[in-house]
**Q** 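Handing you this structure, nothing more for now.
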Amino acid sequence: MYKILKKQVLSDLVTLMEVSAPQVTRKAQAGQFVIVRAYEESERIPLTIADFDRAAQSVTLVIQQVGKSTMQMCQMNEGDEFATVAGPLGHPTEIEKYGTVICIGGGVGIAPVYPIARALKEAGNHVISIIGARNQSLLFWEEKMRAVSDELIVTTDDGSYGRKALVTEPLKEILTARQDIKKVWAIGPAIMMKFVAATTKTFNVPTIVSLNTIMIDGTGMCGGCRVLTTDGAQFVCVDGPEFDAHRVDWDVMMSRMQFYRAEEQAAVEQWKHQCNLASAA
Amino acid sequence: MAKKTIVPKKTPMPEQPAEERIHNYNEVPYGYTEEQAIAEAKRCIECAKPLCMAGCPVNINIPGFLKLIADGDFRGAVNLVKETNALPAITGRVCPQETQCEGVCTLCKKFEPVGVGRLERFVADWEAAQGALPVPPLPPPTGKKVAVVGSGPAGLTVAADLARLGHHVTIFEALHEAGGVLVYGIPEFRLPKAIVKREVEYVCSLGVKLVKDFVVGNAATVDELLEEFDAIFLGSGAGLPWFLGIPGENLGGVYSANEYLTRSNLMKAYRFPEYDTPIARGQRVITIGGGNVAMDAARTALRLGAKESIIVYRRSRDEMPARAEEIHHAEQEGIIFNLLTTPVALHGANGRVTEMECLKNELGEPDASGRRRPVAIKDSNFCIPTDIVVVAVGQSPSPLIPKTTPDLKVAKGGVVTVEEQTMKTSKKGVFAGGDVATGGATVILAMGQAKIASKAIDEYLKTGAW
Ligand SMILES: Cc1cc2nc3c(=O)[nH]c(=O)nc-3n(C[C@H](O)[C@H](O)[C@H](O)COP(=O)(O)OP(=O)(O)OC[C@H]3O[C@@H](n4cnc5c(N)ncnc54)[C@H](O)[C@@H]3O)c2cc1C
Ligand code: FES
């Protein structure tokens, strides 16, 4: 069992958990992920390793409430235990000295982009970061990101904080203004990554995205996580999770990610109903 | 010896009626009663030169255990079976007996063979009903440490054998449940998970340590394990699912059999929303393939509420590799067989699959496998409407361990190369067996290879000679 050592609410939807997982921390690197199961009956869901502490043998996970499983996780408390934390899975981020790079985090994607920005900065790159969310209450880690970036731009869709824009707007301005951007990393909702890919494509700037498709085992055994790329179907859990954004078929990926929407909604409804009954009793 | 009167047919085994069982997940056959088992065992004509033993990949003393059952000595019978087969409750249920022991039974020439599989299952279930097994006396620890990768039938067998020899064994399993295909692939209605759990618990009772959620290659490489362990056995199976590579295969509703069965069995999606993992429930489900995996998927689809569950297979019924009993049960349950049919494309709407386009085949010359090759008939295209497609056309070993173990030799299809007499790989201290060394095969072959490996590992630990 994997004990929750620390819990911190980052925004209305996003919670940070530091979890004891000695098997994972021994080899974890930026860009990798773990498969987590909250309880015996829970789904196995992939979560990016946002940080890790080898001495304390703990990993930091940042969890956004999107369905029943993640809602349940966010309700758990320090001292509670997850049923499964398996990893580190997938390939780590390739960190080199590239020159000037851009790191984009959208919503909960700010968490996984943080260790990448930090590693890129440590490797001597000039790091420009763009973080964005729908509104101010969903933003987090602005100061952490500032600390590892040479320049930081904050956007919200509704203008409640920072610049009122989608992350692609400042991205386009920077790419227009300067020719020295060597590489872009983008992690966030699929639709954001799709538009980042379209933007950087016109400027021919190599772009890496970290995909968050539906997974089960996370070891290459089921193929449920597959995406279509210009190299054919690839398994996100073992061939990724990072991919060349310009090679991904975003429409196929997004439609696969929608597949269980009705079931997910039904599960949330049923669970909320049970919670209400329990609190009324 | 006095000549026996021959009973031409197997003693029938009671089972759940098809119309009932397609609405539940309970096991289909109920198993023999003591009287039925004795009657069936007495059908053995006690050949002077029994062929059945040689037909068994682990050479169970079949005439011997049948005789003991006939005499009512069930304890003696189960002990004899277990001398060479540690998991009879499992193999009795899943072995392809018709191509092994029962296929060579002398009775076969004119009559039905003795139901060896059913009797194997009977003695194992009889033993389980007597209560938990006592732990056998274990020899003093040798101080040697062995890592077993994977907890399928191969890994469990090696772990038990080596623990009984006094070695310290740790099993590393990637998933959250031990048992390999026995828990994630083969459905409850064919192999109740309580049986697998019992076997895993028995192996642990021998002092074997089970570490779950541990993906070798990622959490530690084989080389890193070798720093801590004196020998390694790779029993990591053949988990990489094949797809057909036809257009439309990435539409929603298209599953690999591994995914479909893992959702249903390991994650218990058939009990959604009590369990959280969802699975698509369609009115029509098409499964592509003709092996056990395809039968399991097609029969699972019925139990998930499909009105029509269709198998599409490119050869004819005679070439289907599934166990005879699985095909028989599938037919009883109303699975529709579309034989001599090859899928060429999947079509969809709004990101979901809606129909499968196929070509009709005729049988041509035999191919490398000795089976007649299906040849497509030109312009015979036709479409079958469907909500779900399950691709069950085979699997190969995952590349994860070979990729992270540079000096581990693999042959075509990602199969780890082994020396057949010892199951030694190209890497010192590392042995392999089961599906990882054969490609997708059978439970009994995995166990047979594991037995060979156990002996060789013990030898290696004692002598250090490679
Ligand atoms: C649906 C289905 C139905 C079948 N029906 C039959 C049947 O009726 N009769 C029959 O004889 N055979 C059947 N088979 C085949 C049979 O199940 C296999 O041949 C057998 O299970 C192989 O055993 P194994 O121990 O080699 O591997 P597996 O049972 O595949 O076990 C391998 C284990 O290793 C684990 N693993 C893999 N990689 C790693 C890693 N890197 N680190 C840690 N752990 C790892 C896996 O999670 C798994 O638990 C069927 C197979 C399937 C899929
Ligand atoms: S999650 Fe199963 S193959 Fe990637």
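Chain letters run A, B, ... following the sequence lines, proteins first and then strands; every chain starts at 1. Below, each value reflects all heavy atoms present in this structure, side chains not excepted, and no hydrogens, waters or symmetry copies.
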**Q** Could you look at Ile279(B) and say if it's the side chain, the backbone, both or neither that has a heavy atom under 4.5 Å from chain A?
**A**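 When you check distances to chain A, only backbone atoms of Ile279(B) fall under 4.5 Å.
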**Q** Considering non-hydrogen atoms only, spot the tightest contact between Gly252(B) and Phe259(A) and give its length.
**A**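 For Gly252(B) versus Phe259(A), the nearest heavy atoms are C-CE1, 3.5 Å.
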**Q** Check whether more than 12 heavy atoms from other residues, nucleotides or ligands sit under 6.0 Å from atom NZ of Lys3(A), and answer yes or no.
**A**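 Atom NZ in Lys3(A) is not packed in, count stays at 12 or less.
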**Q** Against chain A, label Ala238(B) side chain, backbone, both or neither, depending on which of its atoms sit under 4.5 Å from a heavy atom there.
**A**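 It is neither, since no heavy atom gets under 4.5 Å.
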**Q** So Tyr260(A) and Tyr255(B), would you call those rings parallel, tilted or perpendicular, with 30° and 60° as cut-offs?
**A**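 Tyr260(A) vs Tyr255(B) ring planes: tilted.
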**Q** Is chain A contacted by the side chain of Arg352(B), its backbone, both, or neither, given a heavy-atom distance below 4.5 Å?
**A**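 Contact with chain A is through the side chain of Arg352(B) alone.
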**Q** Which atoms of Ala269(B) are under 4.5 Å from chain A, going by heavy atoms: the side chain, the backbone, both sets, or neither?
**A**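 Looking at Ala269(B), nothing touches chain A.
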**Q** Using heavy-atom distances under 4.5 Å, tell me whether Ala83(A) contacts chain B through its side chain, its backbone, both, or neither.
**A**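 Backbone only.
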**Q** Just by modelled atom types, is the Cys222(A) backbone N or O under 3.5 Å from a matching donor or acceptor in the Ser256(B) side chain?
**A**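 Yes, the answer is positive, given that a donor and an acceptor are paired below the 3.5 Å cut-off.
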**Q** Considering only NZ, NE, NH1 and NH2 on the basic side and carboxylate oxygens on the acidic side, decide whether Lys27(A) and Glu224(B) come within less than 4.0 Å.
**A**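 A salt bridge links Lys27(A) with Glu224(B).
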**Q** When only heavy atoms count and the cut-off is under 4.5 Å, which of residues 33-54 of chain A reach chain B?
**A**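 Residues of residues 33-54 of chain A touching chain B at under 4.5 Å: Arg37(A), Glu40(A), Glu41(A), Ser42(A), Glu43(A), Arg44(A).
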**Q** Can you confirm whether more than 12 heavy atoms, excluding those of Asp231(A), are under 6.0 Å from its CG atom?
**A**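 For Asp231(A), atom CG is crowded (more than 12 foreign heavy atoms under 6.0 Å).
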**Q** Contact between Leu228(A) and Glu249(B) at the side-chain level, heavy atoms closer than 4.5 Å - yes or no?
**A**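 Contact flag for Leu228(A)/Glu249(B) side chains = no.
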**Q** Show, in sequence, the C-alpha distance, side-chain angles and deciding distance for Leu240(B) and Phe235(A), and conclude whether the side chain to side chain contact (heavy atoms under 4.5 Å, CB included) test is met.
**A** CA-CA 10 Å; Leu240(B) 179 74; Phe235(A) 291 2; 3.9 Å; yes
**Q** With chain B, which of Lys68(A), Met254(A), Gln32(A), Glu264(A) has the greatest number of heavy-atom pairs at distances under 4.5 Å?
**A**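 Between Lys68(A), Met254(A), Gln32(A), Glu264(A), the count favours Lys68(A).
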**Q** Tell me whether Lys209(B) at atom NZ has more than 12 heavy atoms from other residues, nucleotides or ligands lying less than 6.0 Å away.
**A**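 Open.
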**Q** Could you check which of Val211(B), Thr277(B), Asn218(B) has the highest count of heavy-atom pairs closer than 4.5 Å to chain A?
**A**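 Going by pairs under 4.5 Å, I would pick Asn218(B).
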**Q** In terms of heavy-atom proximity below 4.5 Å to chain A, should Val391(B) be classed as side chain, backbone, both, or neither?
**A**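 Neither; nothing under 4.5 Å.
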**Q** If you count heavy-atom pairs under 4.5 Å with chain A, which of Lys268(B), Arg263(B), Met267(B), Lys403(B) comes out on top?
**A**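 Between Lys268(B), Arg263(B), Met267(B), Lys403(B), the count favours Arg263(B).
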**Q** Under a 4.5 Å heavy-atom cut-off, does chain A meet the side chain of Tyr260(B), its backbone, both or neither?
**A**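 Tyr260(B) has no heavy atom closer than 4.5 Å to chain A.
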**Q** So with a 6.0 Å cut-off around CD of Glu78(A), is the heavy-atom count from everything else above 12?
**A**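 Count over threshold, so yes.
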**Q** At a heavy-atom separation under 4.5 Å, does Glu274(B) approach chain A through its side chain, its backbone, both, or neither?
**A**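 Glu274(B) touches chain A through backbone heavy atoms alone.
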**Q** Evaluate the side chain to side chain contact (heavy atoms under 4.5 Å, CB included) criterion for residues Lys212(B) and Thr84(A): first the C-alpha distance (whole Å), next the side-chain angles of each, then the deciding distance (0.1 Å), finally the verdict.
**A** CA-CA 9 Å; Lys212(B) 299 185 214 175; Thr84(A) 294; over 6 Å; no
**Q** Using 0.5 Å steps for rounding, measure from the CG atom of Asp213(B) to the CE atom of Met1(A).
**A**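 Asp213(B) CG to Met1(A) CE: 10.5 Å, rounded to 0.5 Å.
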**Q** Any chance the side chains of Arg226(A) and Asn250(B) put a donor and an acceptor closer than 3.5 Å?
**A**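 Yes, a side-chain donor-acceptor pair sits under 3.5 Å.
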**Q** Given that the side chain runs from C-beta out, which part of Val24(A) has a heavy atom under 4.5 Å from chain B: side chain, backbone, both or neither?
**A**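 No part of it gets close to chain B.
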**Q** Short question: side chain of Gln23(A), backbone of Ala219(B) - any donor-acceptor pair under 3.5 Å?
**A**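 Checking the backbone N and O of Ala219(B) against the side chain of Gln23(A), no donor-acceptor pair under 3.5 Å is found.
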**Q** Name the member of Gly239(B), Gly245(B), Pro399(B) that forms the most heavy-atom pairs with chain A at distances under 4.5 Å.
**A**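 Option with the top pair count is Gly239(B).
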**Q** Are any non-hydrogen side-chain atoms of Asp217(A) and Leu175(B) less than 4.5 angstrom apart?
**A**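 With C-beta onward as the side chain, the pair touches.
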**Q** Please find the pair of heavy atoms, one from Ala174(B) and one from Thr219(A), that lie closest to each other, and give the distance.
**A**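 Heavy atoms only, the tightest pair is CB-CG2, 4.2 Å.
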**Q** Sort Leu89(A) into side chain, backbone, both or neither according to what part of it lies under 4.5 angstrom from a heavy atom of chain B.
**A**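 Leu89(A) touches chain B through backbone and side-chain heavy atoms alike.
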**Q** Taking Met221(A)'s backbone N and O only, do any of them form a donor-acceptor pair with Asn258(B)'s side chain (distance below 3.5 Å, no angle check)?
**A**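 Indeed, once roles are kept as given, a pair shorter than 3.5 Å links the two residues.
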